[in-house]
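Some notes on the structure that comes next.
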Amino acid sequence: MEIVKRPHVENFIEWSKDKPEVVVLTADLTNSSEVGKWRDTYPDRFFPMKMAEQNMMSFAAGLAREGYTPFIHTFAVFIYRRPYDQLAMSIAYPKLPVRFVAFLPGIATPGGVTHQAIEDVAIMRATPNMTVLETGDATEVESVLDVAHSVDGPVYIRMLRGEVPRLFPKAEPMRLDEVRVLSEGDDVTVLTAGITTEEAVRAAAPLAAAGVGMKHLHVSTHKPFGDPVVLDAILGARHGVITLENHTIIGGLGSAVAELMAENAIGKKLVRLGLQDTYAHGASQAYLMKEYGLDAPALVRAVEKLTGRATGITEPDLDAVRIEAVHSLAKAEAL
Amino acid sequence: MANKKTVDLVEEKAALMRRDVIEMGYAAGGRGAHFGPALSSIEIVAGLFFGIMNHDPKNPTMADRDRFVQSKGHACLAYYAALTETGYITREQMYTFKGDNSFLAGHPTRNMKYGIEVTSGSLGNGFAVACGMAKAAKIKSDDHKVYCLVGDGECNEGIIWEAAMNAAKYELDNLIAIVDRNGVQLAGTTKDIMDVDIEALWRAAGWDVVVVEGGNDASSVLEALQGMRDSSSGKPHVIIANTTKGKGISFMEGSLGWHARPMPQEFYEQAVAELENA
């Protein structure tokens, strides 16, 4: 398993080369948003907006109105919480092509509740005209730019930074509203997004060895949410469906799946793993994923409960198949 | 000094626009309208549309047009009146104000076909959008100006000062803000609500500041606008125009109650009589 160091940095510079309409705005989080080198490469297209996010949103709208495509880079919480009114009224309502590159999704930061974007997917999904994407690996970090750029309207991107694993081949880029099928099976269907995908991948082999068939779908587009593969996978799940998300269980992936099941009159059990309507706290990603039941062991326990079958899989079993020995444990990045 | 012909034209149009404001507001019936903040800004808006801005009602998306952003969106009646008198919209369309299916909502909704540049009404946002538009013009070395009408109550909003500091940093001298200082906001006088020296604040933020005592005097307003338009000091410009809330209608002038409300028939008749005898 390849671990890619800061995949966004060089990729974004290269990608922007022949796109003079692309400009970058940050709110005092330049290196933290991995655009320090971008700034040095394209100083004329880089606008530091100080710690003033409300103005950054509406200012970006003004640039977009005049033909530019602003890529706002900052932490997710400073995009959808603090300046939501400006985001909604200046950008989303007029459907302007502003791209929100939102770092530190969910509990991917030890920074504590002020920096943990745990309800962003819910709010962005509820925002009309907004497309909502989430990157799950280095390939998606690299290819999400093309996906976002193809959208006529605002796009919110849950972005990964720092050391990012490559789970998907480079030749298989992210595609709008297309899930990836990572394992086949007809006992349970598991849907994951972002950093939780790695957890389900860890559980896949032990579950298969224990005779449990898991169909695992990786979701990178939260909205729109219309890939027919999802519905087929839900219909094909004998015991039910599990969602595992780095987000509160209200309004995110679990809710999207619940809506889909209800609208299609699918009477199956749905288990939503994620933050159970609670804020988290500051700690390492691995610690928090364990504490809040977002990790591979939590998924295995949920599968056992749903299928009524003990698998005998233990935590050391899952550690043994950790796809990169230190990766998940070594993520305790500073802000 | 502003050209006399232009002053006369702006005065003539301002009178027509005041009547339009009353007509639209009355037509809105029980839905009511923001009379006071529209009437205070009439000379500013008329001055821009009839004396200052390069624009063409037949070609609302003309690339080199000057941009007008009415950040104090609740005063949309003044804007709609200007769009009517310049010919962006018809009189028939004007009378649809606040109606079902009308594109003339209680706050401006972007509609480039009819010359409405920016959605506004969430106070402060329009100003920051205008700053972004001015920056875009700078990047592209375009010569057009961006004019933005801001309320004095609106200056309570934090985003105004975020944007103001930022505009000065970017040296947006193609940006001209006009603060309609009518002294009354929704819940009280601006003095009671937040008694601050906004001139000092704008200066501290790095702007060229000029105060116009006669904010409802076409000649004074035009002179200030021309001065700011023709200045390239490297600083963004703000005109603080001292105006009268509800200007032109005796029972609305300086009135808190006529900030926004429905207009019963007897008041309509009195208002029309006053305008016709003015």
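To find a chain, count down the sequence lines: A is the first, B the second, and so on, and within it residues start at 1. As the structure is a computational prediction, the values presented were derived from the model and not from experiment. These values consider heavy atoms only, across backbone and side chains, with no hydrogens, waters or symmetry-generated copies.
The environment of NZ in A:K37 is sparse: at most 12 heavy-atom neighbours from other residues, nucleotides or ligands sit within 6.0 Å. Enclosure of atom CZ in A:R82 is not indicated, since only 12 or fewer non-hydrogen atoms of other residues, nucleotides or ligands lie within 6.0 angstrom. Other residues, nucleotides and ligands contribute more than 12 heavy atoms inside 6.0 Å of the CG atom of B:D197.
When side chains are defined from C-beta on, A:M51 does not count as touching B:E162, because their heavy atoms never get closer than 4.5 Å. Contact of the B:W161 side chain with the A:N55 side chain is not registered, since no non-hydrogen atoms from C-beta on lie closer than 4.5 Å.
Below 4.5 Å, heavy atoms of chain B meet no heavy atom from residues 141-151 of chain A.
One distance of note links CG of B:N125 with CG of A:L87; it measures 10.5 Å at 0.5 Å rounding. Here the OG atom belonging to B:S122 is positioned 6.0 Å from the CD atom belonging to A:Q86, to the nearest 0.5 angstrom. Rounding to the nearest 0.5 angstrom, the gap separating the CG atom in B:N166 from the CZ atom in A:F59 is 5.0 Å. The CD1 atom of B:I159 sits 8.0 Å away from atom CG of A:D85, with the distance rounded to the nearest 0.5 Å.
Heavy-atom pairs under 4.5 Å with chain A peak, among B:A163, B:A167, B:A130, B:A63, at B:A163. Ranked by heavy-atom pairs under 4.5 Å with chain A, the first of B:V69, B:T119, B:D142 is B:T119. Ranked by heavy-atom pairs under 4.5 Å with chain B, the list A:A61, A:P94, A:S90, A:G67 is led by A:S90.
For A:P48, the parts lying under 4.5 angstrom from a heavy atom of chain B are both the backbone and the side chain. At a 4.5 Å heavy-atom cutoff, the contact between A:F47 and chain B is made by backbone and side-chain atoms alike. Both the backbone and the side chain of B:K140 have a heavy atom closer than 4.5 Å to some heavy atom of chain A. Neither the backbone nor the side chain of B:E157 has a heavy atom closer than 4.5 Å to any heavy atom of chain A. Looking at B:Y170, only its side chain comes within 4.5 Å of chain A, counting heavy atoms on both sides. For a residue to count as touching a neighbouring chain, one of its non-hydrogen atoms must lie under 4.5 Å from one of that chain's; by this rule B:I160 does not touch chain A.
Residues B:K135 and A:E66 are not paired through a salt bridge, judged by the lack of any N-O separation under 4.0 Å between the basic side chain and the carboxylate.
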Run the side-chain contact (heavy atoms from CB on, under 4.5 Å) check on B:R110 and A:R65 step by step: do they pass?
CA-CA 11 Å; B:R110 176 175 162 88; A:R65 287 235 171 276; 2.6 Å; yes
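Distance alone, capped at 3.5 Å, places no donor-acceptor pair between the A:Q54 side chain and the B:G158 backbone.
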